[in-house]
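Please read the structure below before turning to the comments.
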Protein chains: 2
Amino acid sequence: MVMTTDVHVRDLRYFLAVAEELHFTRAAERLYVSQPALSKQVRALERQLGVELFRRDRHGVALTGAGAALLPYARRVLDTWAEGAAAVEAVRAAQRSTLAVGMSTSPGRGGLLPAIRSRFMAEHPAATVRLRQVSWEDPSAGLADGSADVAFVWLPLPDADRYAWTVVAEEPRLVALPDTHPLAARTEVAFADLADEPFLALPPGSGPLRDYWLALEERGGRPPRIGAEIASTEETYEALVGGLGICLVASGNAPLITLGGVVTRPVRGIGPSRYALAWRREDGQRPLVRGYAEACRSVAGA
Amino acid sequence: MVMTTDVHVRDLRYFLAVAEELHFTRAAERLYVSQPALSKQVRALERQLGVELFRRDRHGVALTGAGAALLPYARRVLDTWAEGAAAVEAVRAAQRSTLAVGMSTSPGRGGLLPAIRSRFMAEHPAATVRLRQVSWEDPSAGLADGSADVAFVWLPLPDADRYAWTVVAEEPRLVALPDTHPLAARTEVAFADLADEPFLALPPGSGPLRDYWLALEERGGRPPRIGAEIASTEETYEALVGGLGICLVASGNAPLITLGGVVTRPVRGIGPSRYALAWRREDGQRPLVRGYAEACRSVAGA
DNA sequence: CTTGGTGATAACCGATGGTTATGACGACCG
DNA sequence: CGGTCGTCATAACCATCGGTTATCACCAAG
């Protein structure tokens, strides 16, 4: 017993062509299929519906009552589907010409973003750039879950083999302290003096990146003290002035938190940070992704 | 390059189920298919449209922009198709409960038709009987081209193996003559006296039936003279009074043409005619066909 | 009787749509 | 932590589908 009343829209298209031509051979060539294929499909449709759609006799092909009943619905289904497909195609076209740029905090760094944008738009005038703020939970800044096509990220990136990147900036890491902190009096501090301080840490799940900003490598195996977890610039600032802990920060980001009550100082004995624009490896050939990366390189290289 | 934007309606149904459940496994069991089948079909739809319909990530399944764009159209297509299928089904139901009775001329014979009809309707109160007058060109009275489900026919029937029948009446064949004809004076004539007369013949294409009413068998190989061809009772009457020829007629049909100027006389040396209700062999089990045949047998047998 | 044009049928073949079994991965929980 | 569960994806397999070309049966018209 066949329960399925589902049709292939193609069969309705075939039916409609025959209904309009009342001639299988002509309908078949209009549809660019062979006449036997058309005959077979129409018969299959008739079998599926349990009803004759056409009367074929010596005098030609004619619609039966059932065929006439089906006709308007077939037209409506085809029209509706055409509209639906067009709607989907419109979305597709829009998203093919839209580049989602992920970032955890604003890249800042003196108009970097507008500079890249204008250079990029010059090459891709039809494109749309959508900036997307991504939670610090995601060290890939939206690349992993597809919410971004390119993203400003800190190296090292987890799942590094899935991504490609170009380095935007290599900057020393500073330490951010409340201005009431004893070390705030110095113009420069050694990392060894910081090692026992409570640190503000990125959320778990940010993987190697959390370890990196805790400077795990430079600690020689001694675990850091975690003063609090931070998931935004504002939280970081509040945690600093609240004395919950201190943290490392890239020099390019220092302006974002050195507001009242917070100071940054250079740190000796610690490697620099690398900020990069990254994209999924499989997107490396997409014109917009390529174009944005090139614009980024040329701006950062200047 | 895939040109075809055609979809299988089933795929839209699958898509809709997933969009409503936002859960592949639950949607799959609602659809009574396995989860992999559902996954594969949805992916295939996405591939066909060149767009992601759902975002699958750790937090579950969600519609993408394209998916949301498609959703209302998918619903409309499904609804429209449901209506169309229902419309076809209505026609199918109607025609399953309708019996088309073909006949070349009215069977007459003293209320035969109403008697069968009332007996038939007693057994099948929901049925509809449609009488259908069929051209004399078709000796099967509509069975051959499907315009009748059962038909009153004269035996022998061409393509006899395609049909089954029950004899309604076996009647002597009379000769119909203009009353001005020399033989009209007799009360009975021998066929030998008629053999050289011009005969009115059924249209070519009526096959063995034409030969039968020309009594070809009784002529022993001598070809008849054809005075005219007739395709209706009226034509026959006019041809008779116009003197174009004479013809044989079943006694049950004699009243139809013995109007002013035409007489009928018994003929010696010629077999009787057999009038039957016939149907297509493959319809032998259809309840309405069976029922009408039974009603016919019981009326004719009484 | 042949010829041309109709739709139907046959034989064949790659793609489709389903199945079960299994995998990868995150969430939950001991 | 490590196991188990539940999620969706993948693999291997198989019947049916949807197309092809070649051919037939039939009829109208030379």
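Just so it is clear, the structure is predicted and the values come from calculations on it, not from any experiment. The sequence lines fix the lettering, A, B, ..., with proteins before strands; numbering per chain opens at 1.
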Taking 4.0 Å as the cut-off, does a side-chain nitrogen or oxygen of [X] come that near to OP1 or OP2 on [N]?
X     : N      : value
B/Y32 : C/dT19 : no
B/S34 : C/dT20 : no
B/H8  : D/dC17 : no
B/R10 : C/dT16 : no

Quiz item: Can you name the side-chain hydrogen bond (donor to acceptor under 3.5 Å, both in side chains) partners of A/E197, sequence neighbours left out?
Solution: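 With neighbours one apart ignored, the set is A/H181.
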
Self-check item: For A/T64, all residues meeting side-chain hydrogen bond (donor to acceptor under 3.5 Å, both in side chains), sequence neighbours excluded
Solution: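 Not a single residue meets the side-chain hydrogen bond (donor to acceptor under 3.5 Å, both in side chains) criterion with A/T64.
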
Between [N] atom [atom2] and [X] atom [atom1], what is the distance in whole Å?
X      : N      : atom1 : atom2 : answer
B/L38  : C/dT20 : CG    : C1'   : 16 Å
B/R47  : C/dA15 : CZ    : C1'   : 10 Å
B/Q41  : C/dA15 : CD    : C1'   : 12 Å
A/D6   : C/dT16 : CG    : P     : 18 Å
A/R162 : C/dC25 : CZ    : P     : 10 Å
A/H23  : C/dG7  : NE2   : C1'   : 9 Å

Quiz item: How would you list, by chain and number, every residue that makes a ring-ring contact (aromatic ring centres under 6.0 Å, His included) with A/F15, sequence neighbours excluded?
Solution: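 By the ring-ring contact (aromatic ring centres under 6.0 Å, His included) rule, A/F15 matches A/F54.
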
Quiz prompt | Counterpart residues, side chain to side chain contact (heavy atoms under 4.5 Å, CB included), relative to B/V91 (two or more places apart) | solution =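 Testing B/V91 for side chain to side chain contact (heavy atoms under 4.5 Å, CB included), a comparison that skips the adjacent residues, returns A/A66, A/A69, B/Q95.
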
Quiz item: Within the structure shown, what part of the strands sits under 4.0 Å from A/Y14 by heavy-atom distance: base, sugar-phosphate, or nothing?
Solution: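 Sugar-phosphate: the residue A/Y14, judged by heavy atoms under 4.0 Å, touches backbone atoms but no base.
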
Quiz item: Is the closest side-chain donor-acceptor distance between B/E29 and B/T25 under 3.5 Å?
Solution: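 B/E29 vs B/T25: no donor-acceptor pair found between side chains.
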
Quiz item: With sequence neighbours left out, what residues match A/R92 under salt bridge (Lys or Arg N to Asp or Glu O under 4.0 Å)?
Solution: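 Once residues adjacent in sequence are excluded, the partners of A/R92 under the salt bridge (Lys or Arg N to Asp or Glu O under 4.0 Å) criterion are A/E89.
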
Quiz item: Taking everything shown except A/R30 itself, do over 12 heavy atoms lie less than 6.0 Å from its CZ?
Solution: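 Atom CZ in A/R30 is packed in, count exceeds 12.
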
Sort me out a list of protein N/O and nucleotides 9-13 of chain D N/O pairs below 3.5 Å, or just none if empty.
from, atom 1, to, atom 2, distance (Å)
D/dA9, OP1, B/R43, NH1, 2.5
D/dA9, OP1, B/R56, NE, 2.7
D/dA9, OP2, B/S39, OG, 2.5
D/dA9, N7, B/Q35, NE2, 3.0
D/dA9, N6, B/Q35, OE1, 3.2

